[in-house]
K.L.:
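To start, I am sharing the structure in question, which I have written as structure tokens.
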Amino acid sequence: MKITQVEAIPFAIPYRKPLVFASGEVHTAAHILVRVHTDDGLVGTAEAPPRPFTYGETQASIKEVVESIFAPAITGESPYDRELVHARMARTIANPTAKSAVDMALWDIIGQATGVSVTQLLGGFTDRMQVSHMLGFDEPEKMADEAERMLETFGISTFKVKVGRTPIELDVAVCRAIRERLGDRIELYIDGNRGWTASESARALRKMDDLDLSMAEELNPADDVLGRRWLVEQSTIPFVADESVSTPADVTREILGGSATMVSIKTARTGFTTSQRVHHLAESLGIEVVMGNQIDGQVGSLCSLAFGAAYQSTSRRAGELSNFLDMSDDLLATPLEISNGELLVRQAPGLGLDIDEDKLTRYRQDR
Ligand code: MUC
Ligand code: MG
């Protein structure tokens, strides 16, 4: 089987409720759908979400690098030869979500060709993931309302609250309002997207000491290595590295350097092949992981779910799999459905992505 064509299709679907956080905001899912075609008619699919505030990629840059550099470099190769494809793509530095979408599309093809789901190909630990919902900036009572609605409607009981605003009291009030509203029915953790300084982070954590936060993610800048180490030393909860660990080598540096104690695995930035390396590395280092979200649509969320369910450590905690709930529409013919706070892995071969071609025609931006 040979790769014959790689498509990079730009599409845009508005958010009903935009997500606002310390490093940026997302009003429209203006992503790239990557489709890898083969000579025996199989098509692998994945999506790349441009996140310029995190990786420097844009929708235009992803389309360009996939079509002009990656496609010619891998056309004619076998989709099974993922290491070769990665070596070819690695000649171009950075571009993590573009590379990851190509990688995941290959796994989708391999699953379809072998009649096995990607979750089983990767490890097959379970058939489901608990879902964690991310709450973007708003007023305390509105964010508590949103959390309550998610609990009542979808059974979601784990919430990641976006923090990193100043004065820090704004976010402290939000976390307090949510904890007061929902008590011990929920797990609560925070993500600062590098918005606070180390000393602001320390003060905020002290003020929230009674709120039983389970984790703290990227509170201060990734480059503030000493500040991060200082925070880790005084904290009683795990410090999750997200933006600071785009590659397995970053994981090694962050963990051995003592500036984080956990990592977020995002298939949007490390695909399946490199996410496997991050997973294995985390296991070797003896640290916990959480499945993160790159503000993915349903295609990307299905990819995260497929990976998260494959291993014991990635499915142990609730995965961030619900940002698509805030979108006005999506591309799957059979939408993802969260019930009892869980998402079920699709049992179909590959990823089980059934793209609704009419919707793709409606939302694609290149025709
Ligand atoms: C997250 O976990 O930080 C927002 C910025 C980004 O890089 O990812 C999202 C969610
Ligand atoms: Mg984060």
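Values below: every heavy atom of this structure, side chains too, minus hydrogens, waters and symmetry copies. One-based numbering, in listed order, for ligands and for the atoms of each. Note that the structure is a prediction, hence the values are computed from the model and not measured.
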K.L.:
Once you restrict to heavy atoms under 4.0 Å, what part of Arg51 touches ligand 1? Side chain, backbone, both or neither.
P.N.:
neither
K.L.:
Can you list the atoms of ligand 1 that are under 4.0 Å from a heavy atom of Thr54?
P.N.:
5 (C), 6 (C), 7 (O)
K.L.:
Taking the inter-plane angle between the rings of Tyr311 and His280 on a 0 to 90° scale, is it parallel (under 30°), tilted (30 to 60°) or perpendicular (over 60°)?
P.N.:
perpendicular
K.L.:
When hydrophobic residues are tied together by side-chain contacts of less than 4.5 Å, even through go-betweens, does Leu42 share a cluster with Tyr80?
P.N.:
yes
K.L.:
Is Asp191 close enough to the Mg ion (ligand 2) to have an N, O or S atom under 2.8 Å?
P.N.:
yes
K.L.:
Are any of the N/O atoms on Glu243, whether in the backbone or the side chain, positioned under 3.5 angstrom from an N/O atom of ligand 1?
P.N.:
no
K.L.:
Quick one: pull up CG in Leu33 and CD1 in Ile62 and give me the separation to the nearest 0.5 Å.
P.N.:
12.0 Å
K.L.:
Taking atom types as modelled, find out whether Gln294 and Tyr55 have a side-chain donor-acceptor pair closer than 3.5 angstrom.
P.N.:
yes
K.L.:
Within the 4.5 Å heavy-atom criterion, are Phe11 and Glu47 side-chain neighbours or not?
P.N.:
yes
K.L.:
Only heavy atoms of Met134, strictly under 4.0 Å: list the atoms of ligand 1 that pass.
P.N.:
10 (C)
K.L.:
Any chance the side chains of Thr273 and Asp103 put a donor and an acceptor closer than 3.5 Å?
P.N.:
yes
K.L.:
Among side-chain atoms of Asp250 and Thr247, is any donor-acceptor pair under 3.5 angstrom?
P.N.:
yes
K.L.:
In terms of the angle between their ring planes, are Phe272 and Phe307 parallel, tilted or perpendicular, with boundaries placed at 30° and 60°?
P.N.:
parallel
K.L.:
Counting heavy atoms only, which part of Asn293 comes closer than 4.0 Å to ligand 1: side chain, backbone, both or neither?
P.N.:
backbone
K.L.:
For Glu217, what is the atom name of its N, O or S atom nearest to the Mg ion (ligand 2)?
P.N.:
OE2
K.L.:
Under 4.0 Å from a heavy atom of Asp242: give me the atoms of ligand 1 that qualify, with their elements.
P.N.:
1 (C), 2 (O), 3 (O)
K.L.:
So if you build clusters from Ile, Leu, Val, Met, Phe, Trp, Tyr with side-chain heavy-atom gaps below 4.5 Å, do Leu170 and Val161 land together?
P.N.:
no
K.L.:
From the N, O or S atoms in Asp242, identify the one nearest to the Mg ion (ligand 2).
P.N.:
OD2
K.L.:
Do you see a donor-acceptor pair shorter than 3.5 Å between the side chains of Ser132 and Thr158?
P.N.:
no
K.L.:
For ligand 1, find out whether one of its N or O atoms is nearer than 3.5 Å to an N or O atom of Ser23.
P.N.:
no
K.L.:
Pairs of nitrogen or oxygen atoms closer than 3.5 Å, one from Glu320 and one from ligand 1: do any exist?
P.N.:
no
K.L.:
Which atoms of ligand 1 sit under 4.0 Å from any heavy atom of Asn193?
P.N.:
1 (C), 3 (O), 4 (C), 5 (C)
K.L.:
If I apply the N/O under 3.5 Å rule, does Lys160 come out as touching ligand 1?
P.N.:
yes
K.L.:
Compute whether any side-chain donor of one residue and acceptor of the other, for Glu57 and Ser61, lie under 3.5 angstrom apart.
P.N.:
no
K.L.:
Looking at non-hydrogen atoms alone, which of Arg269, Lys162, Glu217 comes nearest to atom 10 (C) of ligand 1?
P.N.:
Lys162
K.L.:
Does Glu218 come within less than 4.0 angstrom of ligand 1, counting non-hydrogen atoms of the residue?
P.N.:
no
K.L.:
Which of the atoms in ligand 1, numbered in the order shown and given with their element, are less than 4.0 Å from a heavy-atom of Lys266?
P.N.:
1 (C), 2 (O), 3 (O), 6 (C), 7 (O), 8 (O), 9 (C), 10 (C)
K.L.:
To which protein heavy atom is atom 4 (C) of ligand 1 closest, and what is the distance rounded to 0.1 Å?
P.N.:
Phe21 CE1, 3.5 Å
K.L.:
Between ligand 1 and Gln294, can you find any atom pair, the residue atom being a heavy atom, that is separated by under 4.0 Å?
P.N.:
yes
